[in-house]
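Structure first, commentary second.
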Amino acid sequence: MRRINFMKSFYITTAIDYANGKPHLGHAYEKVLTDVVARFRRLMGDDVYFVTGLDEHGQKVQQSAKARGIEPIELCDEAAESFQGLCKSLNITNDDFIRTTEDRHKSVVSTILQKLFDQGDIYKAEYTGYYSRRAEQFLQEKDKNEDGEWPEIFGEVEEIAESNYFFKLSRHQDWLNDHIKTNESFIFPRFRAKQVLEFLKEPINDLCISRPKERLEWGIPLPFDADYVTYVWFDALFNYVTAAGFGTDEFEKRWPADFHVIGKDILVPPHAVYWPIMLKAAEIELPKSLLVHGWWLKSGEKMSKSTGTVVDPLDLIEQFGSDAFRYFVTREMNVGQDSEFSLERYMARYNSDLANDLGNLLSRVLTMLARGFEGVIPAPQLEETLEEALWKGWDETHAKVLELFEEFQFHTGLERIFLFVSSINRYAEQRAPWKLAKSEDPLDKQRLDTTLFAMSESVRLAVGLLEPVMPETTEKVYSLIGYDPDSEWKARLVRNEKLAGSTVGAKTILFPKPPVET
RNA sequence: GCCAGGGUAGCUCAGUGGUAGAGCAGGAGACUCAUAAGCUCUUGGUCGGCAGUUCAAAUCUGCCCCUUGGUACCA
C-alpha cells in the first residue's frame, strides 16, 4: 500500500532558455526573481523544488552549429555551461537544471506524443506556405516588405506544400476559457489573464508540432513517424513535467507546479493556451499558477560616460557582488510591469541604499562596539520612548513585508525594509551613543548599553528579512555580529535578547564604494 | 485597426473617493561613532488632456494624446 502522508513540494520553475544565445539581463532577472520566491517559500517552511534549464533543440541551434562546423550538442554543452555559470554567479538555488536533449526528457516527450497520437489528438495534414531555402523556414505575411515583396535575405522564396503533424487545440478551447475565468490565481498579475481571454475569443487553429527530418534533424523523433521530429512546444514545455520526475514516484509529490515563472512574451499563446491544453489532453494536472514578469528596457544600451563603452549589466554581478545585483533587480522591478535599466540607477541604489544606509550602519555599530565594549554586545538595560518607537517600527515592518512578499510585491517590501534601516540610523542619532559614552551619569551608561544592543539587534532583524533577496549579506552580517542562525526563519525575525554577550567581528565594509568618476 | 499595461515632484516609483507621498538628485544647518557616510530642515507637482458622476476624484465613467507589449503555428 502506498503511503500518502508526504508533503507536497512547492514546485517552481523558470522558463528554459534557448541554447542559441548568450545569457543577458532578462535571463538573469528571471532566475533571480524565481530564486527569491523559492528562497522565501523555503524560509517560510515549504519543501521547495526549483528547476531551471535549457531548451536545446531546434533549427537555430542546428544552423549555428553548422555554421561553426561543430555538432549541435557541442554548442548546447557550451550554452549549458554558460547558463549554469550564470546561475552560480547569481547564487541561484535551483535543485535541478534540465536540458531538453537529455534522455529522460526525450523519453517523456515520446511517451506523451504517443499517447496523444493514440487517442486521436494528433493528426497528419498538408500545410502550404512560402518557403525560403536560404533561411530554411516558412515565411509569414508579416515577413514581407512594405511593398509586399520578400526581403533579400530570404533569397528565392517558393510556395510549397509539406505534410506535418498537428495537435488539436480547438477541442479544449471552451474548457480553457472557463478554467481561466474561474481560477483567479491561474495567471498573476490578473490583468494578463484578460489578454488570454481576448485571444480565446477567436477560434484557435490547431498547432503544427512537427518538422520533416530532411529540414530539421536536431529534435526529438516522433514515436509514430520516424521521418519527423517534434518542433518547439511539445519539446520545450514538457520540460516542466520531465523535471518533476514524470514516470517516477517523485512526480506525484512535485506535480502540479505551483508556479511557472515566465516573461510576458511567452504567456500568449504558449504558456496560457498551448500548455494547459496539452496537459488537459495528456490527462495531467495543470500548474497552479503562471507568474508573469515584465521586461527590462534598454538593457545593455547605456553608455558609460567616462569610457564611452557599453556596459553589460551582467558585468555588474562580478563588480559589485551577486547580492547587489539581486537587490537592484528585485527593488526596481514591479513584478508584471516593465522597468528601465541604467547604470546610473544601479549606482544610485548601490551607493545610497546598500553602502550608505546599510553598510555604513554596520560599520558604525562594529566600530562603536570595538571601541567601548571590547567587541562584546552589551545587554539592554532599559526601554524608553526611543526604543519603543524602534521596536514598534520593526513589528510593523516585519508584518507588512511578509505580506508584501507573499504577494510578490518585492519592490515595495524592500522599500519598507530600507525605511526601517533608515529608522535605525535615526535612532542612533537621537541616542547619540558617542555622547553617552562621555557621560558619568549611571543612567547614561544604561542608555549606552541599551543603544548598542538595540542597534545590533535591529540590524540583525533587518538583514534577516533581507535573506530571500540578499542571502550572502544576511550570512555575512550574522557572522559579524556573532549571531548563530540556528532557529527557523520566522523565529529569527522576532526580537529577542540573545545577542547580548556576543562577540562581534572586526569592522568590515560590506559594500565598498567605487572611486568617484570624474 | 483591435486588446492589454503604463503616463503622479528633475529621476525612479508608492498611493483606488475625503486637505498630494517616499527614495535619489538640488539647497541650508547642526553633529562626528561611521564607507566625505548618517541626522535635521528645505526647494519642487493645476497627479497626460478634455468632459462627466459625486457634497468630495490622482482614485469612478467616456473620449482623446503619448508610450510599452500582444495580435498565434514566431524562440
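Per chain, numbering begins at 1; letters A, B, ... match sequence-line order.
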Side chain of [X]: nearest nucleotide among [options]?
X	options	answer
A:P269	B:C13, B:C33, B:A72	B:A72
A:S339	B:G69, B:A75, B:C13	B:C13
A:Y274	B:G5, B:C73, B:C33	B:C73
A:R349	B:G69, B:G23, B:A14	B:G23
A:N205	B:A22, B:C73, B:U68	B:C73
A:D338	B:A34, B:C73, B:U68	B:U68
A:N356	B:A34, B:A75, B:A37	B:A37
A:W434	B:U32, B:G69, B:A75	B:U32
A:Y231	B:C73, B:A75, B:C31	B:A75
A:K264	B:C39, B:U68, B:C74	B:U68

Which nucleotide, if any, forms a Watson-Crick or G-U wobble pair with [N], using both distances under 3.5 Å?
N	value
B:A20	none
B:A37	none
B:G69	B:C3
B:A30	none
B:G52	B:C60

On a whole-Å scale, what distance lies between the [atom1] atoms belonging to [N] and [M]?
N	M	atom1	answer
B:C60	B:A4	P	15 Å
B:G44	B:C2	C1'	41 Å
B:C66	B:G48	C1'	8 Å
B:C24	B:A58	P	27 Å
B:G21	B:A9	C1'	10 Å
B:G27	B:U16	P	34 Å
B:U46	B:C11	P	13 Å
B:U67	B:U12	P	16 Å

Just the rounded figure in Å: distance from [atom2] of [N] to [atom1] of [X].
X	N	atom1	atom2	result
A:K124	B:C73	NZ	P	22 Å
A:Y127	B:C74	OH	C1'	11 Å
A:I262	B:G69	CD1	C1'	14 Å
A:R426	B:C41	CZ	C1'	14 Å
A:L358	B:G38	CG	P	12 Å

**Prompt:** Taking the six-membered ring where the residue is Trp, are the ring centres of A:F188 and A:F408 under 6.0 Å apart?
**Reply:**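 Between A:F408 and A:F188, which both carry aromatic rings, the centre distance is below 6.0 Å.
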**Asked** Can we call the ring centroids of A:F238 and A:H105 under 6.0 Å apart?
**Response** no
Regarding [X], tell me which of base, sugar-phosphate or nothing describes its non-hydrogen contacts under 4.0 Å with the strands shown.
X	value
A:Q430	nothing
A:Q195	base
A:G359	base
A:P189	nothing
A:I204	base
A:R371	sugar-phosphate
A:L267	nothing
A:N20	nothing

Validation: residues 356-377 of chain A side-chain donor-acceptor distances under 3.5 Å, sequence neighbours left out:
{"unit_1": "A:N356", "atom_1": "OD1", "unit_2": "A:K513", "atom_2": "NZ", "d": "2.6"}
{"unit_1": "A:N356", "atom_1": "ND2", "unit_2": "A:N351", "atom_2": "O", "d": "3.4"}
{"unit_1": "A:S363", "atom_1": "OG", "unit_2": "A:G359", "atom_2": "O", "d": "3.4"}
{"unit_1": "A:R364", "atom_1": "NH1", "unit_2": "A:N425", "atom_2": "OD1", "d": "2.9"}
{"unit_1": "A:R364", "atom_1": "NH2", "unit_2": "A:E429", "atom_2": "OE2", "d": "3.0"}
{"unit_1": "A:T367", "atom_1": "OG1", "unit_2": "A:S363", "atom_2": "O", "d": "2.8"}

**Item:** Partner of A:R99 by salt bridge (charged side-chain N to carboxylate O under 4.0 Å, His left out), out of A:D77, A:D17, A:D235
**Value:**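 The single option meeting the salt bridge (charged side-chain N to carboxylate O under 4.0 Å, His left out) with A:R99 is A:D77.
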Check [Y] with [X], please: is the shortest side-chain N to carboxylate O separation under 4.0 Å?
X	Y	value
A:R447	A:D441	no
A:R431	A:E387	yes
A:K392	A:E396	yes
A:E78	A:R68	yes

Is any side-chain nitrogen or oxygen of [X] closer than 4.0 Å to OP1 or OP2 of [N]?
X	N	value
A:R211	B:C73	no
A:K513	B:A37	yes
A:N334	B:A14	yes
A:H411	B:A14	yes
A:K201	B:U71	no

**Along RNA chain B (nearest heavy atom to each residue), the more 5'-positioned of A:E415 and A:N351** = A:E415
**Asked** So which one's nearest nucleotide on RNA chain B is more toward 5', A:E198 or A:D55?
**Response** A:E198
**Prompt:** How about A:L390 and A:I424: do any of their side-chain heavy atoms sit closer than 4.5 Å?
**Reply:**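 They are in side-chain contact.
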Produce the list of close N/O pairs, under 3.5 Å, pairing protein atoms with atoms of nucleotides 6-11 of chain B; give distances to one decimal.
none

**Message:** Would you say A:S339 and A:E332 are linked by a side-chain donor-acceptor pair, where the criterion is simply a distance under 3.5 Å?
**Reply:** no
**Request:** Mind running side-chain contact (heavy atoms from CB on, under 4.5 Å) on A:Y123 and A:F167 for me, showing each step along the way?
**Result:** CA-CA 7 Å; A:Y123 63 93; A:F167 171 62; over 6 Å; no
